[in-house]
Amino acid sequence: MIEPAESFWLDGSLVPSTTGTHLLTHTLHTGFGVFEGIRCYRLDDGSVRMFRGRDHMRRLLESGAALGLEVPYDLEQLVAGGAEAVRVNKLTDAYLRPLVYSGEPNVIFAHWLNTTHVAMLAFGWTGYSDRDRSAGTTATISPYPRPAALASFYKAKACGHYVLSVAAYGDARRRGYGQAIFCDENGLVAESTGENVFAVIGDIVCTPPPARPILMGITRDTVLTIARDDLGLEAAERDLTIDDLYEADEVFTTGTASELLHVPEIDGHKIGTGTLGPVTSAIQERFTALSRGRTPDTRGWLDIEIQGGEGI
Ligand code: PMP
């Protein structure tokens, strides 16, 4: 459970977190809405910054466009609203959830009759402890496949997509696993319920290509960049079978909330040594250094300042 901050940003104003919306609001019934998940980090100099904030807000706009749900704010307005929601609540390490929903009581499908609302909801979030990170998460292959690429707006972070994620996650947990991995209709690996999937095979860091039904994760891109440019590893966007995962030296997932999380076991198959592997660990270490400002931010990933630093 999370503790929501005292206020959130709604359509340009700050409102108390208890502000509600009508139960007949369109998105609640249809899943026709889009959202994002963004991390804010407290850097070692005391400042607070969003990590790749513009990339996330850009994806929010693209998700809306994919559905034909026009977001009534531009990129900089979204960035400013998100930063304000974190700043006024005096949050430091935080998670920001921008949500675009199609409001007004409405039970028909004519979403253009509704007003599109944008909320920026924040809460404190420090992420996984070192202990949880080194334990990783076991996984199972989801009995429910990701729908065919043609049947879904899978590049959009749409609310309705997550029905399948929640069902698959519940099924995995009931069967004693920590996470579920989806395959597509051809049996090729897609992604987990809310993360992208990577396999280290020999010296190559592999992840399914954009043609598979996956969200183009921003952490996925961060990891591919770090692997290639900072660590000099070979990285490949290539198809992976379930056997590729079973036989890989390391498997890990990537996402904004969890960063990198290694998968020591899938459906009872031990992956590699069954412990946190050297490649996963090296990429995570570099990710931590970049996101906490311990190494020069040459790519401008800590792009949105929430609060200035007081020095260390
Ligand atoms: N796949 C799905 C289905 C997701 O919900 C997420 C989380 N946004 C990801 C992958 C990872 O994306 P990101 O690294 O941008 O958080």
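Whatever order the structure lists them in is the order used to number ligands and atoms, beginning at 1.
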query: So does Glu70 have more than 12 non-hydrogen atoms from other groups sitting under 6.0 Å from CD?
result: no
- prompt: Between Ile214 and ligand 1, which residue portion shows a heavy-atom distance shorter than 4.0 Å: side chain, backbone, both, or neither?
  reply: neither
message: Can you name the atoms of ligand 1, numbered from 1 with element, that are less than 4.0 Å from a heavy atom of Arg146?
response: 3 (C)
- request: Select one of side chain, backbone, both or neither to describe which atoms of Lys157 lie under 4.0 Å from any atom of ligand 1, heavy atoms only.
  value: side chain
query: Can you check whether Thr280's main-chain N or O pairs, donor with acceptor, with Glu250's side chain at less than 3.5 Å?
result: yes
message: Quick test of your reading of the model: are Arg212 and Glu237 salt-bridged, counting only N-O distances below 4.0 Å?
response: no
- request: Go through the side-chain N and O atoms of Thr241 and Asp243 and say whether any donor and acceptor fall under 3.5 Å apart.
  value: no
- prompt: How far is atom 16 (O) of ligand 1 from its nearest protein heavy atom, and which residue and atom name does that atom have?
  reply: Thr256 OG1, 2.6 Å
statement: Per side chain to side chain contact (heavy atoms under 4.5 Å, CB included), Phe198 is matched among Val279, Val251, Leu224 by Leu224
query: Can you tell me the protein heavy atom closest to atom 14 (O) of ligand 1 and the distance?
result: Thr219 OG1, 2.6 Å
query: Against heavy atoms of Thr254, which atoms of ligand 1 measure under 4.0 Å?
result: 11 (C)
message: Counting non-hydrogen protein atoms only, what is the nearest one to atom 5 (O) of ligand 1? Give residue, atom name and distance.
response: Tyr162 OH, 2.4 Å
message: Would Thr222 count as a contact residue for ligand 1, given that I'm defining contact as a non-hydrogen atom of the residue lying under 4.0 Å from a ligand atom?
response: no
message: I need the atoms of ligand 1 closer than 4.0 Å to a non-hydrogen atom of Thr193, numbered in the order shown.
response: 3 (C)
- prompt: At a non-hydrogen distance cut-off of under 4.0 Å, which region of Arg59 contacts ligand 1 (side chain, backbone, both, or neither)?
  reply: side chain
field: Glu76 with Arg54: basic N within carboxylate O range, under 4.0 Å
entry: yes
- request: Below 4.0 angstrom from a heavy atom of Asn196, which ligand 1 atoms are there? Numbered from 1 as shown, please.
  value: 10 (C), 11 (C)
- prompt: Hey, mind stepping through Arg175 and Asp171 against salt bridge (Lys or Arg N to Asp or Glu O under 4.0 Å) and telling me if it holds?
  reply: CA-CA 6 Å; Arg175 293 193 286 115; Asp171 168 74; 2.9 Å; yes
task: Determine whether the side chain, the backbone, both or neither of Arg52 has a heavy atom under 4.0 Å from any heavy atom of ligand 1.
output: neither
query: Cation over ring, Arg133 on Tyr128, under 6.0 Å and within 45°?
result: no
Shortest protein heavy-atom distance from atom 1 (N) of ligand 1, along with the residue and atom involved: Glu191 OE1, 2.7 Å
task: Measure the acute angle between the ring planes of Trp9 and Tyr73, then classify it against the limits of 30° and 60° as parallel, tilted or perpendicular.
output: perpendicular
query: Should the ring pair Trp301 and Phe51 be called parallel, tilted or perpendicular, given that the plane angle runs from 0 to 90° and is split at 30 and 60?
result: perpendicular
query: So which heavy atom in the protein is nearest atom 12 (O) of ligand 1, and how far is it from that ligand atom?
result: Gly217 CA, 3.4 Å
- prompt: So which protein heavy atom does atom 6 (C) of ligand 1 come closest to, and at what separation?
  reply: Gly194 O, 3.0 Å
